[in-house]
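Position 1 is the first residue of the sequence; numbering continues from there.
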Amino acid sequence: MDMLVNLVIQLIAGAVGGNGVAAAMKNVDLGKLGNTIAGAIGGLGGGQLLEMLMPGAGAAAGGGLDIGSIVGQLVGGGAGGAVLTIIVGLLKNMMAGKNA
């Protein structure tokens, strides 16, 4: 059950991170749905990458959820969502012939 909660936190944080970075950087905006999808996928990737690099950062040592694990999932998911949204937005602009 904890794994499912972690995935949901990563998805939500990624979607928020993707929409946040698109609001701050208008040149990478993919539209609301595009930002949310790219952010959610990046959130999953970022959260899982953080867990692989730092075991215990995403899950409590006792197997339960604590505030540290939730913050770790939020940070990893939000950063992953932001990064993937930037990458996809820049690739979209490059393919359309726009300058970054």
*Asks:* What's the spacing between Leu74 CG and Ile67 CD1 if we round to 0.5 Å?
*Replies:* 8.0 Å
*Asks:* Going by heavy atoms in the side chains, are Met25 and Val28 under 4.5 Å from each other?
*Replies:* yes
*Asks:* Find the distance between CD1 (Ile37) and NZ (Lys32) and round it off to the nearest 0.5 Å.
*Replies:*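 With rounding to 0.5 Å, CD1 (Ile37) is 13.0 Å from NZ (Lys32).
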*Asks:* State, without any angle test, whether Asp29 and Asn35 hold a side-chain donor-acceptor pair at a distance under 3.5 Å.
*Replies:*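 Asn35 and Asp29 do have a side-chain donor-acceptor pair below 3.5 Å.
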*Asks:* What's the separation between atom CG in Leu91 and atom CG in Leu30, rounded to the nearest 0.5 Å?
*Replies:* 10.0 Å
*Asks:* Between Ile70 and Ile9, does a side-chain contact (heavy atoms from CB on, under 4.5 Å) hold up when you go through it step by step?
*Replies:* CA-CA 8 Å; Ile70 293 172; Ile9 291 171; 4.2 Å; yes
*Asks:* Please determine whether residues Leu33 and Ile41 belong to a single hydrophobic cluster, defined as Ile, Leu, Val, Met, Phe, Trp and Tyr linked transitively by side-chain heavy-atom distances below 4.5 Å.
*Replies:*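 Yes; Ile41 is reachable from Leu33 via cluster members.
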*Asks:* Could you point out which residue of Val5, Asn6, Ile12 forms a side-chain contact (heavy atoms from CB on, under 4.5 Å) with Val8?
*Replies:*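 Looking at Val5, Asn6, Ile12, the match for Val8 under the side-chain contact (heavy atoms from CB on, under 4.5 Å) is Ile12.
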*Asks:* State, to 0.1 Å, how close Leu50 and Gly72 come at their nearest heavy-atom pair, and which atoms those are.
*Replies:*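 Scanning both residues completely, I find the closest heavy atoms to be CD2-O, 3.2 Å.
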*Asks:* Would the distance check show the side chain of Asn93 and the main-chain N or O of Asn27 forming a donor-acceptor pair, the cut-off being under 3.5 Å?
*Replies:*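 Looks like yes, one N/O pair under 3.5 Å.
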*Asks:* Using the rule that Ile, Leu, Val, Met, Phe, Trp and Tyr join whenever any side-chain heavy atoms are under 4.5 Å apart, tell me whether Val88 and Leu90 fall into a single cluster.
*Replies:* no
*Asks:* At what distance, to the nearest 0.5 angstrom, does CD of Gln73 lie from CG of Leu7?
*Replies:*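 Output value for this atom pair is 8.0 Å.
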